[in-house]
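See structure below.
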Amino acid sequence: MSLTRRAGVSALAAAALLTAGGIAAAQTTKPQLSRDQQVAILKACKDDYKRYCTGVEPGDGRIARCMAEHRESLSDQCRTTVRNVMLK
């Protein structure tokens, strides 16, 4: 997995925590998702990331914050996948 893709997966995993559990939880907890869970979130939320956060520089939780800022606008597919992954 390339560094860019790995950063995207990690950022979307962090975004999952933001959308599912609130900003405070995500900032204090590193996402502990399996690779399969991360890939599921990446696939489900990739278009949302591209739509809202493409210009955001990865690192220091910037992409996660961007996704959280747009959580009300995220696709049903993204929100449902995040919810299902976080409930497992």
Side-chain angles (χ1 to χ4, degrees):
M1 183 180 293
S2 72
L3 181 59
T4 304
R5 183 169 169 89
R6 206 172 321 149
V9 170
S10 296
L12 287 175
L17 286 178
L18 287 173
T19 58
I23 292 175
Q27 290 176 338
T28 60
T29 307
K30 185 176 181 180
Q32 297 297 317
L33 302 175
S34 72
R35 186 178 190 304
D36 288 342
Q37 290 172 315
Q38 291 178 11
V39 168
I41 291 170
L42 178 63
K43 286 180 179 178
C45 300
K46 185 179 358 178
D47 290 338
D48 295 290
Y49 163 75
K50 287 179 182 178
R51 182 175 297 122
Y52 302 113
C53 304
T54 296
V56 177
E57 182 180 343
D60 295 325
R62 287 185 285 269
I63 293 174
R65 283 191 295 277
C66 177
M67 294 291 284
E69 289 169 7
H70 294 94
R71 72 177 144 249
E72 297 300 321
S73 301
L74 297 177
S75 66
D76 289 340
Q77 177 184 356
C78 180
R79 284 185 285 159
T80 299
T81 301
V82 168
R83 188 177 318 114
N84 290 342
V85 165
M86 298 312 292
L87 290 176
K88 288 183 180 181

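Computed over heavy atoms, backbone and side chain alike; hydrogens, waters and symmetry mates excluded.
Put simply, CE on M67 and CZ on R71 are 11.5 Å apart, with the number rounded to the nearest 0.5 Å. To the nearest 0.5 angstrom, Q37 atom CD is 11.5 Å from T81 atom OG1. Interatomic distance, CZ of R51 versus CG of L74, reported as 9.0 Å (0.5 Å rounding). Atom OG1 of residue T54 and atom OH of residue Y49 lie 5.5 Å apart, to the nearest 0.5 angstrom. Summarising the geometry, atom SG belonging to C78 is positioned 10.5 Å from atom CZ belonging to R83; distances are rounded to the nearest 0.5 Å. In this structure, D48 CG and I41 CD1 are separated by 12.0 Å, a value rounded to the nearest 0.5 Å.
Residues in residues 65-88 take part in these ring-ring contact (aromatic ring centres under 6.0 Å, His included) pairs, two or more places apart or across chains: Y52-H70.
The side-chain contact (heavy atoms from CB on, under 4.5 Å) check on R62 picks up V56, E57, D60, R65, with sequence neighbours excluded.
Residues C45 and V82 have side chains in contact (heavy-atom distance under 4.5 Å, counting atoms from C-beta outward).
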